[in-house]
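Below is one structure, written out as structure tokens; the observations come after it.
Quick note: numbers below take in every heavy atom, side chains included, and nothing from hydrogens, waters or symmetry partners. All values reported here derive from a predicted model rather than from experimental measurement. Reminder, nothing fancy here: chain letters follow the sequence lines and each chain counts from 1.
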Amino acid sequence: MALKDVKSRIASVKNIQKITRAMEMVAAARLRRAEQRIESLRPYAGAVRRMTRQAAEAAGNVPNFPILNEHESEDKIGILLVTGDRGLAGAFNSQIVRAGLRAGIEYEGAGKTTVWYASGRRGVSSLAFRGREAKGAYTGFTDRPSYANAREIAADLVAAYVDGEVDRVEIVYNRYVSALTQEVTRETLLPLQHATIMGDDGADDSLGGRAAEEDAASDHADGKHALVEYEPDPEVILERLIPAYVEISIFRALLESTASEHGARMTAMRNASENAGDIIKDLTLEFNRERQAAITQEIMEVVAGAESLV
Amino acid sequence: MARTPFKVEVLTPEGEVFNDEVEMVSTRTSVGSIGILANHQPLLAMLNPTELRLYKSESEVVRYAQGEGFLQMTGDRALVLVDEVFSVDKLDAADLRDRLKRAEDELASAEEDSEERRQAERDKRRLEAFLKLTESA
């Protein structure tokens with residue numbers, strides 16, 4: 001390769017490295033913020049759980065709301081894919097689409113129909129590419145999902161479930177483990193499980209691990225048996241508290257997915273920067289070799305020219 | 001007359017927005033407007049979208065636009081749990097009107113007695129409450 005070509009390739013790889021380094025740093029900063037937001041949800045989720053317990057105790061039991069009832073036959077399965085709006089994050093988006101489609105094909109193989117929902121542009125376009133239309137497409141917020149986004153998705157899913165358009169809803173998202181690890185997770189959103197609500201053993205994780213301790217502590221402080229006024233009746237309060245679990249579950253999945261996305265992008269960009277470094281090293285070696293060869297060539301030409309004069 | 005202060009915590013899914021002593025909390029339950037003073041009887045109430053006012057004193061009032069939520073009064077402290085809060089001056093009337101229009105369209109196309117209809121009604125109620133706040137501000 002000519003000396004000039006090598007030089008310009010080094011320059012362009014260096015430029016790419018600058019960009020990937022910058023993207024890595026941006027992702028790292030956003031990852032920290034996303035982690036904090038997962039933490040911020042915990043106290044709220046814990047408080048919703050405590051209030052539910054209190055109201056359920058006052059009402060005698062949790063009444064049979066439609067979203068708690070299993071449908072008699074499970075023919076129509078709703079699948080919500082939680083992806084990002086942007087790529088350049090390694091396998092982050094593709095592993096969700098792959099896991100979701102695999103589950104969908106399994107259901108279809110068993111004679112069920114599937115209804116698709118997707119949050120994040122990547123999920124929506126991947127579904128379209130595979131010839132599956134998303135019944136609900138939610139985009140434009142995956143960098144920083146708000147509770148209103150989760151509420152919108154939950155409203156659609158709950159309506160579809162209660163109105164009988166789907167008999168079961170599953171969510172597929174990247175659970176955030178660490179910046180390096182994201183775990184593809186598939187959970188059932190609807191029908192809502194009694195265990196999720198009352199926080200029986202093992203179900204605690206879904207709404208924050210600290211909830212159980214907080215429950216125990218507050219049960220004492222609240223003086224459980226004090227006469228409590230309810231406005232309106234505890235049954236009506238529960239009717240709004242219970243759907244909040246669906247919203248919170250979706251919001252948590254969106255937050256975890258966002259943290260996972262930034263983590264995955266950070267890792268992918270770090271690898272890209274390291275790769276660029278390797279390429280630059282190789283190219284620099286080649287450049288030096290070429291340069292020396294050129295110098296040697298010139299010296300030999302000068303010597304040969306001088307010799308011919310003698 | 002100065003009233004007895006008590007602790008109030010306002011929690012949203014995005015974190016704590018307020019945690020301080022106030023003299024009175026004013027908000028709206030599904031039954032009607034309510035003002036909470038110190039030593040109120042234990043209460044669990046369902047809140048509808050409205051203006052949440054936290055009276056630190058007669059003259060110093062912290063105001064938010066709140067979405068749906070719950071209020072729990074236990075002993076000497078109140079916990080206000082709402083799905084979202086905004087400062088009133090951050091509400092965008094034009095945007096709210098747009099969204100209200102959409103919610104009304106959805107409501108019109110939703111079938112009678114469907115969950116879809118109930119969700120649209122809920123959206124409409126929230127947007128109307130916020131819109132009213134922007135008009136009074």
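- Residues M73(B) and E229(A) fail the side-chain proximity criterion, which asks for heavy atoms closer than 4.5 Å.
- Side-chain atoms of S146(A) and E14(B), non-hydrogen and from C-beta on, do get closer than 4.5 Å to each other.
- Interface remark: E111(B) contributes no atoms to any contact with chain A (heavy atom separation under 4.5 Å).
- Only the backbone of V82(B) comes within contact range of chain A, with heavy atoms under 4.5 Å apart.
- Salt bridge annotation for E152(A)-R126(B): absent, with no cationic side-chain nitrogen under 4.0 angstrom from a carboxylate oxygen.
- Counting heavy-atom pairs under 4.5 Å between each of A45(B), G32(B), G67(B) and chain A puts A45(B) at the top.
- The side-chain heavy atoms of M46(B) and P232(A), taken from C-beta on, include a pair separated by under 4.5 Å.
- Using a 4.5 Å cut-off between heavy atoms, Q119(B) contacts chain A through its side chain alone, with no backbone atom that close.
- Residue E121(B) places its CD atom among more than 12 non-hydrogen atoms of other residues, nucleotides or ligands, all under 6.0 Å distant.
- Around NZ of K112(A), the count of heavy atoms belonging to other residues, nucleotides or ligands within 6.0 Å exceeds 12.
- Of the residues listed (I34(B), L44(B), L71(B), L47(B)), the one engaging E231(A) in a side-chain contact (heavy atoms from CB on, under 4.5 Å) is I34(B), and it is the only one.
- For Q41(B), the CD atom is densely surrounded, since the number of other residues' heavy atoms within 6.0 Å is greater than 12.
- Between F70(B) and I237(A) the shortest side-chain heavy-atom distance falls below 4.5 Å.
- The neighbour count for R144(A) CZ, taken as heavy atoms of other residues, nucleotides or ligands under 6.0 Å away, does not exceed 12.
- Atom CG of residue L79(B) and atom OH of residue Y44(A) lie 10.0 Å apart, to the nearest 0.5 angstrom.
- Here R122(B) is the residue among R122(B), R118(B), H40(B) with the most heavy-atom pairs under 4.5 Å with chain A.
- If you measure heavy-atom distances from Q36(A) to chain B, you find no contacts under 4.5 Å at all.
- To the nearest 0.5 Å, atoms CD (Q54(A)) and CD (Q72(B)) are separated by 5.0 Å.
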* To do: Please step through side-chain contact (heavy atoms from CB on, under 4.5 Å) for the pair E115(B) and E165(A), ending with a clear verdict.
  => CA-CA 11 Å; E115(B) 182 66 22; E165(A) 284 162 37; over 6 Å; no

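- Proximity to chain A is limited to the side chain of E84(B), based on heavy atoms less than 4.5 angstrom apart.
- Interface residue F251(A): only side-chain heavy atoms are found under 4.5 Å from chain B.
- Contact count against chain A (heavy-atom pairs under 4.5 Å) is highest for D83(B) among T12(B), D123(B), D83(B).
- Using a 4.5 Å cut-off on side-chain heavy atoms (C-beta onward), E116(B) and V158(A) make no contact.
- Using a 4.5 Å cut-off between heavy atoms, R117(B) does not touch chain A at all.
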* Between L43(B) and V228(A), is a side-chain contact (heavy atoms from CB on, under 4.5 Å) present by the stated rule, with each step listed? -> CA-CA 5 Å; L43(B) 169 77; V228(A) 181; 5.5 Å; no

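- For chain B, no part of I38(A) is nearby; none of its heavy atoms comes within less than 4.5 Å.
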